[in-house]
Amino acid sequence: MNKFNLNQNQFSDFINLSNKVFNPLKNFVNKDEFIKILKISKYKKSYFPFPIFFGINKKKYELYKREKELIFFYQGQKIAKIKNLKFYSVDKEIFGRKIFGKNFHKHPYFQKFKMENHKFLNFKFEKIYIKKVNKNLFISPKIFKKKRINKPIASFHTRNVPHNCHKWIHEYLIKKYKSLLIQPLIGQYKKGEYKDNVILSLNKEIINSYKNKKNIFVIPFFSYPRYGGPREAALHALVRKNYGCTHFWVGRDHAGYKNFYKKFESQKYCKKNENNLGIKIIAKNEPYYCKNKKKVIDNCKCKKNCKVKISGSMIRKLILKKSKIPKELMLESLSRKLTSKSLIS
């Protein structure tokens, strides 16, 4: 029986599927499920916005196309035994149009999708050897919900270390909903992004600056950015519902890529599908630093141009230049811990 080495994205999807993070989806989609999710956002009778597929490149397809059974390995560890392998193709143009919009050909992650997914694979799990992984990498919904968290609980998705606009959002959510899950995405590997351990540790550290910290939780979301805009934002909302959250903050350009999607498109899409998602969507103005009021706010009503937009990319540029990060942008207790070694090189 042949050995198949999973890459990190495939492994994280496997862990999430086998632990009901992507519930009601519990396995990688087959062809009919793939197309149905793309066309009408349905998995069986349930709403589901983004297909979780198992794709392989042309080289791997040629290697495994005659196999009936495989054993999955990740970093030398046996993960699962699979059987009933079925390879299939889908129209990649449909995927591009439905996920990335009418200008999908210009989206760099559509080109990546085409290159990495020559064929797709559907299968059955005959045996799963591992579901649990290091708690610094993954905590299942089942384990998290054992904390007996009071409801309501709001949730916040991030793939950055927290700057002062994140702090404003945290404080808004804590004040309004009393409990908060901050769930940083862990599993990125793009050059120039923050390292996983830095993202997780500084999101945990910022809790110390809040009063009601016993009702604030930070756990990793072991996945990867798909840059799928509104559809991926809806997937993130569904994930937080599965973690027991009642409310989810959707940012101005949630899961976007540069200025590829329209402003507030993710918020509008998630609000439109709020009932289908089964979780309340919080869609507010993007906070910013007001030079006149000298604080972060989301609506200052100043007559003159006073807005300073704070972003993760702005902070990373300052780090690379070895410039001091102003306290208006980030808590000094956090910024002094950031160096060029905090970023993936």
Suppose we screen for side-chain contact (heavy atoms from CB on, under 4.5 Å). Which residues come up paired with [X], at least two apart in sequence or across chains?
X	result
Pro225	Arg159, Leu185, Gln188, Tyr227
Asn212	Ile174, Lys214, Asn215
Glu232	Phe50, Arg226, His236, Ala255
Ser46	Pro24

May I ask you to decide whether [X] forms a salt bridge with [Y], counting only side-chain N to carboxylate O separations under 4.0 Å?
X	Y	value
Lys268	Glu265	no
Lys65	Glu62	yes
Lys83	Glu69	no

Quick check against the 3.5 Å criterion: does Gln10 have a side-chain atom that pairs as donor or acceptor with the backbone of Asn7?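 Side chain of Gln10 to backbone of Asn7: a pair is present.
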With no hydrogens and no angle check, is any side-chain donor or acceptor of Ser266 less than 3.5 Å from a backbone partner on Val250?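 No.
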Connecting only ILVMFWY residues whose side-chain heavy atoms lie within less than 4.5 Å of each other, what is the rest of Tyr288's hydrophobic cluster?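 Tyr288 clusters with Ile297.
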When Ile, Leu, Val, Met, Phe, Trp and Tyr are grouped by side-chain heavy atoms lying under 4.5 Å apart, directly or through other members, which residues fall in the same group as Phe264?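 Phe264 shares its hydrophobic cluster with no other residue.
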In one Ile/Leu/Val/Met/Phe/Trp/Tyr side-chain cluster, 4.5 Å: Leu38, Tyr88: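 Yes; Tyr88 is reachable from Leu38 via cluster members.
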Interatomic distance, [X] atom [atom1] to [Y] atom [atom2] [nearest 0.5 angstrom]:
X	Y	atom1	atom2	answer
Ile325	Arg316	CD1	CZ	11.0 Å
Phe100	Phe95	CZ	CZ	5.0 Å
Leu180	Lys213	CG	NZ	15.0 Å

Please tell me whether Phe4 and Phe73 form a close aromatic pair, meaning their ring centres lie under 6.0 Å apart.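 Not under 6.0 Å, so no.
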Got a sec: does the [atom1] of [X] have more than 12 other heavy atoms crowding it under 6.0 Å?
X	atom1	value
Lys327	NZ	no
Lys262	NZ	no
Lys36	NZ	yes
Lys68	NZ	no

Check whether any side-chain heavy atom of [X] sits under 4.5 Å from a side-chain heavy atom of [Y], and report yes or no.
X	Y	answer
Leu329	His163	no
Asn273	Pro49	no
Phe156	Ile169	yes
Leu17	Phe28	yes

Scan for side-chain hydrogen bond (donor to acceptor under 3.5 Å, both in side chains) pairs involving [range], sequence neighbours excluded, and state none if there are none.
range	answer
residues 169-181	Lys167-Glu171, His170-Tyr210
residues 112-125	Ser89-Lys119, Lys112-Glu116
residues 329-340	Glu205-Lys337

Could you tell me how the ring of Phe54 sits relative to the ring of Phe123: parallel (under 30°), tilted (30 to 60°) or perpendicular (over 60°)?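 Answer is perpendicular, since the angle exceeds 60°.
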How would you list all residue pairs meeting salt bridge (Lys or Arg N to Asp or Glu O under 4.0 Å) that involve residues 237-256, not counting sequence neighbours?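 Found Arg252-Glu286.
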Please identify which of these residues, Phe248, Tyr261, Tyr269, meets the ring pair (Phe, Tyr, Trp, His ring centres under 6.0 Å) condition with His254.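 That would be Phe248; it is the only one of Phe248, Tyr261, Tyr269 passing the ring pair (Phe, Tyr, Trp, His ring centres under 6.0 Å) with His254.
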What residues form a ring-ring contact (aromatic ring centres under 6.0 Å, His included) with Phe34, not counting sequence neighbours?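 Only Phe53, Phe120 meet the ring-ring contact (aromatic ring centres under 6.0 Å, His included) criterion with Phe34.
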All ring-ring contact (aromatic ring centres under 6.0 Å, His included) counterparts of Tyr47, not counting sequence neighbours: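 Applying ring-ring contact (aromatic ring centres under 6.0 Å, His included) to Tyr47 gives none.
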Would you say Tyr224 and Asp13 are linked by a side-chain donor-acceptor pair, where the criterion is simply a distance under 3.5 Å?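 There is such a pair (donor and acceptor under 3.5 Å, judged by atom type) between the side chains of Asp13 and Tyr224.
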